[in-house]
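Take a look at the structure set out below.
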Amino acid sequence: MARKARGRDLLEQAKGYLSKAKTAEELRRAQAFVMPLEFGLSMEQTARAIGVSLVGPASCAIDS
């Protein structure tokens, strides 16, 4: 069973990163955070949607 996405308190900040991303990597990091929370996607679905391996979204972190 998939884990429930956590981090709703940071969702608005992550959405801001979507529009501020300057590189593809920055955009993928923000998408990896937003998609599970906003659309209820699993990690596997998120990885497929943003075109990375499963390790990608799991290891991504949004730098402050």
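Scope of the values below: all heavy atoms of this structure, side chains included, with no hydrogens, waters or symmetry mates.
The two residues Ala14 and Ala30 come nearest to each other via the heavy atoms O-CB, 3.9 Å. The two residues Gly40 and Gln45 have their closest heavy-atom pair at O-OE1, 4.3 Å. Across every non-hydrogen atom of Pro36 and Thr46, the tightest pair is CG-OG1, 3.6 Å. Across every non-hydrogen atom of Ala47 and Ser53, the tightest pair is CB-O, 3.8 Å. Scanning both residues, Glu26 and Lys20, for their nearest heavy atoms gives OE1-O, 4.4 Å.
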Decide salt bridge (Lys or Arg N to Asp or Glu O under 4.0 Å) for Glu44 and Arg48; before the verdict, give the C-alpha distance in whole Å, the side-chain angles of both, and the deciding distance to 0.1 Å.
-> CA-CA 6 Å; Glu44 292 85 2; Arg48 198 171 320 120; over 6 Å; no

Going through the distances and angles, do Gln31 and Leu18 end up as a side chain to side chain contact (heavy atoms under 4.5 Å, CB included)?
-> CA-CA 7 Å; Gln31 288 172 327; Leu18 288 172; 3.7 Å; yes

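Within the 4.5 Å cutoff, the side chain of Arg28 has heavy atoms near those of the Val52 side chain.
Lys15 pairs in a side-chain contact (heavy atoms from CB on, under 4.5 Å) with only one of the listed residues (Leu10, Leu37, Val34), which is Val34.
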